[in-house]
Amino acid sequence: MSGPNSILEIDGKYLEGGGQILRNALSFSCILRRPVRIVNIRANRPNPGLSNQHLFGLNLLVDITGAQVKGNSIKSTEVEICPGKIKAGNYYVNTKTAASISLVLQSALPVLIFGEAPSKLELVGGTNVGMAPQVDFMTEVLRPNLEKFGVTFDFDLIRRGYYPRGGGCCKVQVPAIKFIKSASVVNFGKLHEIRGWCFVAGNLPERLAGAMQQSVSLELQKLNCRLLNIEAYKESPDVAKDNGSGVILLGLTSENCTLGVSKLGEKKIDAEKMGSDAGRNLCNLLLSETCVDEYVQDQLIIYMALAKGNSQIKTLPLTDHTRTAIYVAEKMTGVHFVIEPQAKKSKRITGRLKHKIEKKVREHNRKVRREAKKNPIKKGSKKQKLIQIPNICPFKEDILKEVEEAKKRKEEERKRKREEFKREKEQHKFKSLEALVNNADERDTVYSIIHENETKEGEEKYKNVSDKEQSLKQYFKEFKKVLENADVVLEVVDARDPLGTRCSEVQRAVRAAPGNKRLVLILNKADLVPKENLSNWLKYFRRLGPVTAFKASTQDQNSKLGRRKFKQMCTDKAIQGSICLGAELLMSMLGNYCRNKGIKTSIKVGVVGIPNVGKSSIINSLIRGKSCSVGSTPGITRAMQEVALDSKITLIDCPGIVFTNNLKSENVPAVLKNAQRVGDVKDPFTAAESILKRASKEFFCKLYDITEYETFEEFFAKKAVRMGKLMKKGVPDVLAAARSVLNDWNTGKIKYCTEPPEEKFDDPHVSAAIVHEDALAFNVDGFEAMETEILNKFDVKEQDVMKVDSTGPVESKIRECGVEDDKEEYNAVINETNVSNKRRKCNLEENVTTQQQESTKNLEGNQSLNKSMKQQMKKRKKQSARNEKKVNNIAQVLDGFTLNASNDEKYDFDTDYVIQ
């Protein structure tokens with residue numbers, strides 16, 4: 001071989017990075033007799049290296065030129081060739097697979113035309129396979145374009161070969177030429193003819209070819225070509241044995257431009273869609289008025305580079321295959337290709353043509369005016385559009401009949417409406433003033449009736465008290481179900497005010513419930529309080545039982561919610577994120593309980609608490625998905641829901657429950673515990689002012705970036721201006737500002753915390769033995785040490801958090817009279833009602849009987865019945881009193897009515913009943 005300095009090296013992964021670089025580089029090397037080394041062959045393909053079709057093409061060129069070659073093996077990524085003289089003759093290639101013989105012909109054709117005599121090729125392999133041009137495309141589209149360069153070949157198809165068996169055979173005769181002449185293919189001309197054929201082979205029915213023909217014809221009718229000939233046929237078994245189908249379409253222009261589209265049948269694509277796609281592609285290609293399609297442009301590059309003189313073609317935007325072919329041609333031959341974007345056609349016309357057009361327009365307008373005088377058309381009428389239905393469309397006559405019938409029905413309906421309008425106009429033509437007044441009175445009556453109905457509908461929005469009591473009892477039954485089914489109860493509280501959001505009755509109910517049930521306290525929203533405060537609350541509650549800190553995920557996706565361990569919570573940025581924190585610790589505690597003493601192999605864990613402490617969010621964070629509905633408003637969870645965490649643990653979601661407060665917290669609005677919707681608060685100023693009283697003015701001025709204020713009204717006005725909430729004439733919307741303060745309180749923008757009580761907690765229901773037993777069951781001591789070590793790494797900013805007094809734990813009222821211990825019932829309130837701004841004080845000394853009858857009415861959550869509901873109750877009482885009075889009057893009349901007749905007396909109809 002030649003020395004390494006004379007070998008030209010080409011990178012096979014440039015641009016397209018496929019077999020195009022290999023074929024063109026080998027053809028140039030054999031024609032120019034220049035050694036070449038190709039590296040990184042087909043590097044951008046899923047299976048890099050030489051495949052069957054590339055290897056057979058390489059071996060064919062080696063036989064034609066007697067070249068010395070290295071690396072001619074399957075999957076080889078580097079080939080080095082040193083070609084000799086081109087020898088004409090007869091060559092035979094059998095790929096023994098469905099490898100494309102079209103690609104083998106692409107690399108051999110430009111070499112054989114420079115032989116000393118004509119050559120013959122017999123190729124066996126795949127004739128119609130995917131990811132390669134079909135042989136029909138080579139003969140009907142590529143050959144007419146090559147003839148413009150003086151290159152041609154004779155092609156004889158003996159047998160078709162489809163994927164996967166192949167076996168197709170064809171014979172090609174290539175005449176020898178001395179040189180390639182230059183060509184200019186830039187004029188499209190006018191569309192002259194469209195022809196093509198749709199074929200099937202093997203066991204496929206011939207009707208599929210007809211379906212393809214019909215869909216192709218429908219698409220090509222848009223071009224309005226006079227010569228349109230699409231054939232449909234089935235290949236004979238001698239020509240094609242295997243199953244296969246395809247479409248070949250050609251467009252011929254007056255300037256001898258040949259453009260084509262080919263489609264190969266697939267299993268998952270029906271015949272109609274394949275035909276429609278092929279026809280649509282040819283339409284777009286012909287409408288672009290290009291001279292060479294995108295699949296021919298890259299195959300012409302090698303002939304343009306070797307032609308004598310300058311050649312030019314007009315084509316679509318260059319593909320990667322074409323740019324790759326240009327790269328190889330410029331590197332091998334030294335020629336230079338110029339790519340000029342097509343300039344927009346000028347709209348300027350000559351003066352002669354302009355006057356000619358104006359003359360024709362005037363003649364046309366004159367003709368239209370003459371026709372309008374002969375056949376006048378009424379003003380407003382429009383010329384009906386002709387319905388165009390192709391002749392090949394089935395049921396054409398039926399469709400036209402339906403259209404005519406629809407037109408008739410539409411015309412009859414229009415005439416009927418016109419007659420009714422004329423009749424009404426005649427009736428109201430001579431109306432008197434008295435009739436107009438009566439008509440106005442009637443309309444007024446109708447409006448009042450409608451308005452009255454609307455008022456009743458608005459009043460029906462509020463349910464009566466008895467219905468509300470039933471719904472409250474139903475919600476509380478859900479809590480009792482959770483308590484009965486759960487082995488472990490997780491009581492979720494807000495870490496900012498744990499005592500104010502915790503109910504001591506839950507702990508008592510768990511201890512009194514049958515079975516060995518356990519209670520674990522969860523301090524959710526731990527990222528909203530300082531480290532020291534959170535640590536103090538953990539130490540305080542560990543005297544009662546197992547407790548852990550948690551931060552639920554606030555991400556929006558439905559799956560794969562983020563989660564971090566406590567070891568990753570060493571910075572403010574980590575703890576302030578939207579991902580879950582503490583899930584691993586809680587799952588470890590539950591797992592230890594499952595394995596404790598071999599009591600159970602699986603457990604059910606109930607999650608309870610007041611509304612909006614994050615019960616459903618904790619469940620979603622543990623399973624890392626959106627299984628439970630969550631939101632910032634109370635009342636989203638309305639029934640218990642079981643969610644499987646794993647094969648051992650099942651979580652139970654419980655509706656939010658608000659128990660009756662004690663005396664310490666009776667004046668605290670429910671909205672401040674996020675147990676009531678902010679939009680349902682009638683008087684948000686009272687609740688917002690209670691928030692402003694809990695911290696200094698400097699704290700809120702710094703938080704909202706406003707100047708100092710003297711009164712609360714001034715604060716709300718400045719905040720409304722800061723928010724941009726202005727009403728008409730620039731008046732600040734203080735109501736929106738007050739609601740914004742409540743929202744900031746509930747969402748955590750206003751950071752606050754409460755301190756645990758200094759006095760020692762004494763609960764008769766919790767003994768030291770029970771607490772020690774719970775700690776051992778969950779292995780609390782090991783986790784407490786880990787939590788304390790991690791929490792010490794947090795940076796605390798006490799100045800950003802205001803400390804407030806805790807509202808104390810909430811409690812429930814237990815019926816004491818006539819109720820046994822095992823039938824004890826806790827009256828709970830689901831936070832679904834509006835909370836009034838004026839609260840009634842709880843009377844602890846009222847009668848036990850009255851307490852049993854109106855237990856639900858006296859609860860904190862139900863004390864917010866609005867004024868409309870009270871008025872409805874008064875109206876019902878008054879109506880029942882009236883009805884009772886009427887019944888009593890009728891009863892008195894009936895009591896005074898008697899029949900004083902003896903049994904022996906007989907009626908005398910002539911004397912007793914005389915009709916005058």
Side-chain angles (χ1 to χ4, degrees), residues 191 194 210-226 228 230 270-273 275-277 279-280 282-284 286-287 347 357-458 460-461:
L191 182 60
I194 296 177
M212 287 187 285
Q213 179 194 27
Q214 187 176 4
S215 57
V216 167
S217 300
L218 286 174
E219 291 291 339
L220 295 179
Q221 282 183 354
K222 303 174 184 178
L223 298 175
N224 296 324
C225 183
R226 295 181 180 179
L228 177 60
I230 307 297
D270 55 359
E272 291 82 359
K273 187 178 185 305
S276 299
D277 293 343
R280 193 179 306 111
L282 184 62
C283 286
N284 297 334
L286 294 175
L287 291 175
K347 297 182 180 179
I357 294 173
E358 291 176 352
K359 183 179 179 181
K360 288 186 177 182
V361 171
R362 286 195 299 268
E363 292 176 356
H364 173 74
N365 293 337
R366 194 180 301 113
K367 183 178 180 180
V368 171
R369 286 194 296 270
R370 285 197 302 266
E371 294 292 336
K373 289 181 180 179
K374 293 179 182 179
N375 302 317
I377 301 176
K378 294 183 179 180
K379 187 177 181 181
S381 63
K382 296 182 179 179
K383 187 177 180 180
Q384 295 182 354
K385 296 182 179 180
L386 296 177
I387 300 175
Q388 297 180 358
I389 301 177
N391 293 329
I392 62 176
C393 182
F395 314 111
K396 178 178 180 180
E397 296 181 358
D398 297 339
I399 295 174
L400 293 175
K401 288 180 181 179
E402 291 179 0
V403 172
E404 291 296 331
E405 292 177 358
K407 285 183 179 179
K408 289 180 181 179
R409 288 195 301 268
K410 190 175 181 179
E411 184 67 24
E412 291 175 359
E413 183 69 18
R414 193 173 76 252
K415 290 181 179 179
R416 185 183 62 80
K417 290 183 179 180
R418 190 185 299 116
E419 294 296 332
E420 290 180 358
F421 178 74
K422 289 182 179 179
R423 199 181 304 113
E424 292 179 0
K425 189 175 182 181
E426 290 295 332
Q427 291 177 358
H428 298 289
K429 188 174 182 180
F430 301 102
K431 236 178 186 180
S432 61
L433 182 61
E434 184 178 357
L436 294 175
V437 173
N438 294 334
N439 188 16
D441 294 338
E442 292 177 359
R443 287 182 292 170
D444 185 33
T445 305
V446 171
Y447 174 78
S448 61
I449 293 173
I450 295 174
H451 184 70
E452 183 179 0
N453 293 337
E454 291 178 355
T455 305
K456 290 181 179 180
E457 291 177 359
E460 288 177 357
K461 292 181 180 179

### Task
Drop me the distance from L287's CG to L282's CG, to the nearest 0.5 angstrom.
9.0 Å

### Message
So, using side-chain hydrogen bond (donor to acceptor under 3.5 Å, both in side chains) as the criterion, who are the partners of E411 when residues are at least two apart?
### Response
R414

## Note on the structure
When every non-hydrogen atom of A271 is compared with those of M212, the smallest separation belongs to O-CG, 3.3 Å

### Query
Can you name the salt bridge (charged side-chain N to carboxylate O under 4.0 Å, His left out) partners of E420, sequence neighbours left out?
R416

### Task
Working to the nearest 0.5 Å, report the span between CD1 of I357 and NZ of K360.
8.0 Å

### Task
Rounded to the nearest 0.5 Å, what's the gap from CG on L223 to SG on C283? Could you check?
4.0 Å

## Note on the structure
To the nearest 0.5 Å, atom CZ of R362 lies from atom NZ of K359 at 8.0 Å

### Message
Name the residue from K417, E412, R418 that meets the side-chain contact (heavy atoms from CB on, under 4.5 Å) definition with K415.
### Response
R418

### Message
To the closest 0.5 Å, what do you measure between CD (Q213) and CG (L218)?
### Response
10.5 Å

### Query
Counting only heavy atoms not in E397, do more than 12 fall under 6.0 Å of its CD?
no

### Query
At what distance, to the nearest 0.5 angstrom, does CG of L400 lie from CD of E402?
9.5 Å

